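Report on the following structure.
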Amino acid sequence: MSFRITKLDGIVQFQITRPEIHNAVNHEVVDGFALFIEQLAQEDVQFGVVTGEGDKAFCSGGDLSVFHSLRTEQQALEIHERMATLLYKLATQPVPVIALVNGTAIGGGAEIASACDYRLVSQHARAGFVQGTLAITSGWGGTTFLQLKGIPYDKLLKFTTEAKPLPADELKDLGWATSVYSGDKWAAVADFVKQMKQLHPSVAKSYKTLLTTELRKPEVYERVLDEARMCAKLWELDAHHEAVDRFLARKK
Ligand SMILES: CC[C@H](C(=O)O)C(=O)SCCNC(=O)CCNC(=O)[C@H](O)C(C)(C)COP(=O)(O)OP(=O)(O)OC[C@H]1O[C@@H](n2cnc3c(N)ncnc32)[C@H](O)[C@@H]1OP(=O)(O)O
């Protein structure tokens, strides 16, 4: 199985369990995300956590060996619209979700973390929208989420266009990392939620609902779908397919 969902003490955890390929997202992980979002709707759930197995990678984005078989704009649009819709649902459902960025978060992996409410980033982790190195753009809503969450326009434009992973301290300066931790990731989560968990679950859910009023407007979901459409349009071009070919052939 490419993911694991566990529930303990009011916290539902979603872990990508593909450490051998830096927790890249395949179709099974996408299906797992849909299940995770369903489980967040249970009455006794206070927080969600998304993380990657191991200590090297949170998620390295779409699995290039799987998604490389998608050649046309229409073929790419299907998976991008599905993932963008799931991340929009994650961002707008009432339960606060923590991205426990235990390692490299790049491409769609950085978009997944961007859709979460908090980003708890390991001191050794790096994160970036590297899609540009493959001649495409973010396609799962990540840029829209970050703009709506208040990352300054010029900083966000540079962060996306440079397509370069940043270290934890720069992610904090950017306003992407909520906080930076060192040591055990689960202890970091426990410490982060300690005070909030002492209050009635309705408090955290109500404040998230209040603060996502803008995000929940229909025109924002349309913007997220436009982001998927933009990526799919670039996906079809030779520049993208040649870049992925180079990545997959680099060790041969
Ligand atoms: C809208 C989202 C968008 C989309 O899906 O359309 C994307 O997310 S595009 C994909 C963006 N992600 C990438 O471009 C990352 C590609 N991977 C890397 O740059 C590196 O693997 C890195 C930096 C994650 C780790 O580098 P390192 O040198 O430490 O390790 P290796 O490169 O040797 O990786 C080990 C092993 O994992 C495979 N791998 C890693 N990431 C992916 C991936 N995203 N898809 C498929 N396979 C991946 C890598 O090929 C190695 O496999 P091996 O068989 O050992 O060569």
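Note that the coordinates shown come from a computational prediction; the quantities given were computed from them, not determined experimentally. Order of listing sets the numbers, starting from 1, for every ligand and every atom in it.
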Logged contact type for Leu248 with ligand 1, heavy-atom cut-off 4.0 Å, is neither

Quiz item: What is the ring orientation for Phe33 with Phe14, classed by angle as parallel under 30°, tilted 30 to 60°, or perpendicular over 60°?
Solution: tilted

* To do: Please answer: with hydrophobic residues joined when any side-chain heavy atoms are less than 4.5 Å apart, are Ile106 and Leu171 in the same cluster?
  => no

Per-atom filter on ligand 1: closer than 4.0 angstrom to a heavy atom of Asp63 are 45 (N), 46 (C)

Within 4.0 Å of some non-hydrogen atom of Glu111, the atoms of ligand 1 are 1 (C), 2 (C)

So the atoms of ligand 1 within less than 4.0 Å of a heavy atom of Gly61 turn out to be 8 (O)

If you compare Asn26, Leu64, Thr104 by their heavy atoms, the one closest to atom 45 (N) of ligand 1 turns out to be Leu64

Closest heavy-atom pair, His68 versus His241, reported as atoms and distance to 0.1 Å, is CE1-O, 3.6 Å

With under 30° as parallel and over 60° as perpendicular, where do the rings of Tyr118 and Phe192 fit, or are they tilted in between? perpendicular

Under 4.0 Å between heavy atoms, the region of Lys56 that gets near ligand 1 turns out to be neither

Atom 2 (C) of ligand 1: of Gly128, Ala232, Ala24, Gly108, the nearest heavy atom sits on Gly108

Tested for salt bridge (Lys or Arg N to Asp or Glu O under 4.0 Å) against Asp117, the lone hit among Lys208, Lys149, Lys205 is Lys208

**Message:** Protein heavy atoms near atom 41 (N) of ligand 1, is at least one of them under 4.0 angstrom away?
**Reply:** yes

Verdict with supporting geometry, Asn102 and Ser122, side chain to side chain donor-acceptor pair (under 3.5 Å):
CA-CA 5 Å; Asn102 57 299; Ser122 167; over 6 Å; no

Residue, atom and distance of the protein heavy atom nearest atom 21 (O) of ligand 1 read Phe247 CZ, 3.8 Å

side-chain contact (heavy atoms from CB on, under 4.5 Å), that's the test. Do Val50 and Val97 meet it? Break it down for me. CA-CA 7 Å; Val50 176; Val97 180; 3.9 Å; yes

- Are Leu215 and Met83 in one and the same hydrophobic cluster, where Ile, Leu, Val, Met, Phe, Trp and Tyr link if side-chain heavy atoms are under 4.5 Å apart? yes

Atom 22 (C) of ligand 1 has as its nearest protein heavy atom Ile106 CD1, 4.4 Å

Restricting to heavy atoms, the pick from Glu20, Gln131, His68 nearest atom 3 (C) of ligand 1 would be Gln131

Give a yes or no on whether atom 55 (O) of ligand 1 lies under 4.0 Å from any heavy atom of the protein. yes

Quick note on ligand 1: atoms under 4.0 Å from a heavy atom of Gly139 include exactly 1 (C)

Among non-hydrogen protein atoms, atom 6 (O) of ligand 1 lies closest to Trp235 CZ3, 2.9 Å

Atom 5 (O) of ligand 1: closest protein heavy atom, distance to 0.1 Å, is Gly62 CA, 3.2 Å

Within 4.0 Å of some non-hydrogen atom of Gly107, the atoms of ligand 1 are 8 (O)

Nearest heavy-atom approach of Cys231 to Gly139 is CB-CA, 3.5 Å

Looking only at protein heavy atoms, what sits closest to atom 38 (C) of ligand 1 is Ile21 CB, 3.9 Å

Side-chain donor-acceptor contact under 3.5 Å, Thr17 with Glu53: no

Original post:
Thr143 and Ser138: side-chain donor and acceptor closer than 3.5 Å?
Top reply: yes

Check whether any heavy atom of Leu134 sits under 4.0 Å from an atom of ligand 1. yes

Tell me whether Ile151 is reachable from Leu211 by hopping between hydrophobic residues (I, L, V, M, F, W, Y) whose side-chain heavy atoms are closer than 4.5 Å. no

Atom 32 (O) of ligand 1: of Arg250, His22, Glu227, Met83, the nearest heavy atom sits on Arg250

heavy-atom search around atom 53 (P) of ligand 1 in the protein gives Lys251 NZ, 4.0 Å

Item checked: Aromatic ring pairing His80/Trp235, orientation class (parallel under 30°, perpendicular over 60°, tilted between) -> perpendicular

In this structure, atom 13 (C) of ligand 1 is nearest to the protein heavy atom Ser60 O, 3.7 Å

